[in-house]
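See structure below.
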Protein chains: 2
Amino acid sequence: MYDRAMDTADRLVTSTQELLWERGYVGTSPKAIQERAGAGQGSMYHHFRGKPDLAAAAMRRSAAELRAQAEGQLAGGGTAVASVGAYLVREREPLRGCRVGRLAMDPEVVASDELRAPVRDTFAWLCGRLSGIVADGVATGELRPDLDPQDTGAALAAVVQGGYVLARAAGDREPFDRAVRGALGLLRAAAADPSS
Amino acid sequence: MYDRAMDTADRLVTSTQELLWERGYVGTSPKAIQERAGAGQGSMYHHFRGKPDLAAAAMRRSAAELRAQAEGQLAGGGTAVASVGAYLVREREPLRGCRVGRLAMDPEVVASDELRAPVRDTFAWLCGRLSGIVADGVATGELRPDLDPQDTGAALAAVVQGGYVLARAAGDREPFDRAVRGALGLLRAAAADPSS
DNA sequence: GTCTATAGGTGGATAGAC
DNA sequence: GTCTATCCACCTATAGAC
């Protein structure tokens with residue numbers, strides 16, 4: 001249960017963020033949210049219209065947090081390999097999965113435009129950001145000119161999301177670390193001068 | 001509802017495979033399984049001890065099917081890039097996700113050794129298989145010698161799993177296709193002689 | 001083997017008192 | 001704003017008849 005000093009609506013959103021991360025949308029019940037937030041039924045339905053409304057608020061916040069975090073890793077400047085590397089190897093907890101990406105596997109999230117929107121926008125932004133960095137690397141001659149920036153950006157975003165799957169399947173973070181190292185190794189090999 | 005000529009236990013397993021793929025473990029109820037299989041409660045609990053038992057049988061079958069399918073793509077012979085390429089660009093339905101990988105995001109699957117085992121074994125096998133192909137490519141001089149086979153294999157497996165996430169987030173298969181093309185492009189760039 | 005009946009618990013939400 | 005009471009459908013499983 002959260003600090004009573006925190007606003008009730010805020011505690012409900014925070015609790016929902018956590019439960020969506022841990023259990024997904026279909027696996028998260030209003031009752032569980034209320035218990036974790038230390039709020040009653042009445043409070044929840046006073047502040048939100050229902051589970052989809054509350055989940056949408058939680059997902060928008062998680063998406064914004066993730067984007068800010070990723071932007072912090074990507075905006076470091078330096079070479080394309082350095083920027084992508086900073087993003088790929090940043091500190092993570094692979095066994096928890098991605099708090100946004102995991103929701104893309106949820107049938108009720110994908111079936112609802114409102115619930116899917118934050119997930120869609122997050123990955124559209126991330127792929128675009130990574131593609132831009134690769135395009136810059138190609139433009140400066142750091143990366144081979146035959147590298148397609150959009151395809152490469154999508155592959156880099158996918159490696160992280162897929163790394164979570166491998167780690168959770170194994171019950172061990174090792175496959176995640178291997179996957180991101182492997183992606184970085186491939187990107188280095190695609191440097192115009194691979195000795196760099 | 002399935003053909004009555006099919007064995008009842010078999011229909012139950014097949015229906016469970018489909019529902020696990022569509023809705024995951026927490027999102028799949030015995031009632032929904034029974035309805036799809038055209039079987040009653042009594043039949044289900046006669047043939048299986050309960051939902052976890054039936055789900056485990058369905059997951060073992062899905063894992064075996066996926067492995068056989070992947071092996072068919074990977075065993076084509078030829079260069080490492082050709083073998084990996086055949087696996088990466090094989091016909092898929094990205095919006096449906098991976099019938100095995102999706103279960104790695106399910107909290108009750110990862111919490112149970114018996115349910116997680118087929119998922120764990122599938123990806124351990126797949127990563128090992130891809131790593132072996134990369135190692136062969138390095139050994140024959142097709143791929144650059146500084147490529148780590150295990151890391152690269154994990155990255156390739158992750159791209160496919162992550163591609164599903166991107167496609168479902170977008171509501172469009174395009175990001176999946178981009179990701180696998182991007183991965184193949186990077187692997188080609190890591191060829192010892194990139195003109196190949 | 002398959003059916004119906006039954007069971008306690010939960011899911012998601014509404015109503016109205018305070 | 002928050003609480004309790006109430007609602008009906010569904011979840012997962014057991015019991016026992018056929």
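Naming convention: chains lettered A, B, ... in sequence-line order (proteins, then strands); numbering from 1 in each chain.
Side-chain contact of A:R178 with B:Q150: a donor-acceptor pair under 3.5 Å is present, judged by distance alone. In this structure, a donor-acceptor pair under 3.5 Å is present between the side chains of B:Y164 and B:R92.
Atom CE in B:M44 sits about 12 Å away from atom P in D:dC11, given to the nearest Å. In this structure, CZ of A:R11 is placed 12 Å from C1' of D:dG1, rounded to the nearest angstrom. Distance B:D10 CG to C:dG1 C1': 16 Å, rounded to the nearest Å. Here D:dT4 presents its P atom at 16 Å from OH of A:Y45, a figure rounded to the nearest Å. When rounded to the nearest whole Å, the span between CD of A:Q34 and P of D:dG1 equals 18 Å. Rounded to whole Å, the distance from CZ on B:R49 to P on D:dT14 is 11 Å. The nearest whole Å value for the distance from the CG atom in B:D53 to the P atom in D:dT14 is 12 Å. If you measure from atom CD1 of B:I33 to atom P of D:dC10, you get 16 Å, rounded to the nearest angstrom.
The side chain of B:H47 contributes an N or O atom lying less than 4.0 Å from OP1 or OP2 of C:dT2. Phosphate contact (OP1/OP2 of D:dG1, side-chain N/O of A:S43, threshold under 4.0 Å): absent. Between C:dT2 and B:T8, a contact under 4.0 Å exists linking OP1 or OP2 to a side-chain N or O. Residue B:S29 places none of its side-chain N or O atoms closer than 4.0 Å to OP1 or OP2 of D:dC10. Taking side-chain N and O atoms only, A:K51 has a distance below 4.0 Å to OP1 or OP2 of C:dG12.
Each of A:G42 and A:P30 was assigned the nucleotide of DNA chain C with the nearest heavy atom; the assignment lying further toward the 5' end belongs to A:P30. Taking the nucleotide of DNA chain C with the nearest heavy atom to each of B:G40 and A:Q41, the more 5' of the two is matched to B:G40.
The listed nucleotides are C:dG1, D:dT12, C:dG11; the one nearest the side chain of A:K31 is C:dG11.
Side chain of B:R116 to backbone of B:V109: no donor-acceptor contact under 3.5 angstrom is found.
For the pair A:R102 and A:W21, the cation does not sit on the ring face, since its NZ or CZ is not both under 6.0 Å from the ring centre and inside 45° of the axis.
For residues 108-118 of chain A, proximity to DNA chain C is found at no residue, defined as any non-hydrogen atom under 4.0 angstrom from a strand atom.
Among A:L20, A:T16, A:V13, the single residue meeting the side-chain contact (heavy atoms from CB on, under 4.5 Å) criterion with A:I33 is A:T16.
For the pair B:P107 and B:V26, the minimum side-chain heavy-atom distance is below 4.5 Å.
A salt bridge links B:R129 with B:E71: the distance from a Lys NZ or Arg NE/NH1/NH2 to an Asp or Glu carboxylate oxygen falls below 4.0 Å.
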